[in-house]
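First up is the structure itself, then whatever we jot down about it.
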Protein chains: 2
Amino acid sequence: MKKKDIKILLVDDEPDILEIVGYNLSSEGYQISTATNGIEAIAKAKKVKPHLIIMDVMMPEMDGIEACENIRKDSNLANTIITFLTARGEDYSQVAGFDAGADDYITKPIKPKVLVSKVKALLRRLKDDDSNAQIVTVGNIVINREEYKILKDGVEIILPRKEFELLSLLASRPGKVFKREEILDRVWGNEVIVGGRTIDVHIRKLREKIGEDHFKTVKGVGYKYV
Amino acid sequence: MKKKDIKILLVDDEPDILEIVGYNLSSEGYQISTATNGIEAIAKAKKVKPHLIIMDVMMPEMDGIEACENIRKDSNLANTIITFLTARGEDYSQVAGFDAGADDYITKPIKPKVLVSKVKALLRRLKDDDSNAQIVTVGNIVINREEYKILKDGVEIILPRKEFELLSLLASRPGKVFKREEILDRVWGNEVIVGGRTIDVHIRKLREKIGEDHFKTVKGVGYKYV
DNA sequence: GAAAGCAGTTAACACACATTTAATATGATA
DNA sequence: TATCATATTAAATGTGTGTTAACTGCTTTC
């Protein structure tokens, strides 16, 4: 998920806090909405379905704890991460907050850097969730993108980066013919210009390491992994 | 983790306290064991490997602080949460306790409701130990984020902050390759710009201190902890 | 408040090896 | 067979990392 698609709801009764937190997060590229009390927070949460809610504990009308409990009851918001803003040392509110279903705490006074990195850490969960499969299994080959290594018949093989990415691309859709142009685009990047024989050489190395017959040449078009 | 699988060790020299705390927690479904002094506590801790230890500071034979220090040296108990029972206002014991490696405090007189929700909050960490783990054990290395120290084969090693955070990041997902960019983001902070060789130098120091072969270079990509 | 110590960073260079090129061979297709 | 695309090999190039030492602020210490 891209940053600009991530929605954050800020809830605090002090405009200053909304201001500073909002500024820091929106300059990171997140979409920000705000509310100034618990009731408003619940309404906005249902409407915009934020990925993350940062909410003060102490607020007029309805406090953060109550709002949190309320939001937790809405199954549409089950994946929403809720974190409280709390003054350092407000011990009891932390306990109550966790009971209400909070995921984390940010203590006041707020330090922008800490805030931003905490938010990133919290949102990383989302990223990991819907990121494309990091491990692909094709025949007797297991390609582990996360660890940058492959297993061939259970034996670990380390490939240099370009070879790894080329294999990774071809094997991502076994049988599909990738045009040379497309390969250049996706492995090298569209603005990089390399000579005409470069792909061939990498294919050659893969054939040596993985097996001759896995890489079929389609003359005049490109290559496919079988 | 289910409640009935969670083990709590209570340590206090007053039977009344053991009684009341034990009653409240076991009726919540936790598995309770008890000890009446520090020496006994250490023995029981090693034996039952509790998830949480609630321990009085003042005890005959060996006090809680000493017992806590002792328990913290056992890498098998690295994930154990230790919280002290202390009379309200015993300031010094709190400071000494945190030095010894305590995670939290519960003040006497004990209010059952506060006790139970505090215990719940402390144990919540266990639930999501993937994302928020304060203590990571990888092979012969125990990384204790909360206390900013690591144990290698049971020996405490103090690392400077950046080295610690770099190790901590890499070891948080052994095998995963962290891209240089991602490392900069998460250890240095995204707006900080440091020279290209800075990561290398820190990796070098970690290799010296922790072991050459733990840190694999993936050229053109980044590093991984193995 | 000077000296010493430490964490963190930078700079400079070495060096391995990943990547590309160049030159030539092979093979397919019409 | 003539042509064109790919295969193959070795050599050239270049990028990225390793390593050391020096530099910069900070904190600690006396």
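Each chain gets a letter, A, B and so on, in the order the sequences are listed, and its residues count up from 1.
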Test salt bridge (charged side-chain N to carboxylate O under 4.0 Å, His left out) applied to A:E146 and B:R173, step by step: CA-CA 10 Å; A:E146 180 168 291; B:R173 298 204 48 196; 2.7 Å; yes
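- At the phosphate of D:dA7, OP1 or OP2 sits under 4.0 Å from a side-chain N or O atom of A:R207.
- Once rounded to the nearest 0.5 Å, the distance linking CG of A:L25 with CD1 of A:I20 reads 10.5 Å.
- In terms of the salt bridge (Lys or Arg N to Asp or Glu O under 4.0 Å) criterion, A:E212 has no residue partners (sequence neighbours excluded).
- Atom P of nucleotide D:dT6 and atom CZ of A:F215 are separated by 17 Å, given to the nearest angstrom.
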Listing time: all N or O pairs from protein to nucleotides 18-22 of chain C that are below 3.5 Å?
| unit_1 | atom_1 | unit_2 | atom_2 | d |
| --- | --- | --- | --- | --- |
| C:dT19 | OP1 | A:K162 | N | 3.0 |
| C:dT19 | OP2 | A:K162 | N | 3.4 |
| C:dT20 | OP1 | A:W188 | NE1 | 2.8 |
| C:dT20 | OP2 | A:W188 | NE1 | 3.0 |
| C:dT20 | OP2 | A:H202 | NE2 | 3.2 |
| C:dT21 | OP2 | A:G195 | N | 2.4 |
| C:dT21 | OP2 | A:T198 | OG1 | 3.2 |

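- Evaluation of the salt bridge (Lys or Arg N to Asp or Glu O under 4.0 Å) rule for B:E163 yields B:K209 as partners, not counting sequence neighbours.
- A sub-4.0 Å separation between OP1 or OP2 of D:dA7 and a side-chain N or O of A:T217 is present.
- Using a 4.0 Å cut-off, some side-chain N or O of A:R204 falls inside it from OP1 or OP2 of D:dT8.
- Atom P of nucleotide D:dA5 and atom OH of A:Y223 are separated by 13 Å, given to the nearest angstrom.
- Atom NZ of B:K179 and atom C1' of D:dG16 are 17 Å apart (whole Å).
- Remark: P of C:dT24 and CG of A:D200 are 17 Å apart, rounded to the nearest angstrom.
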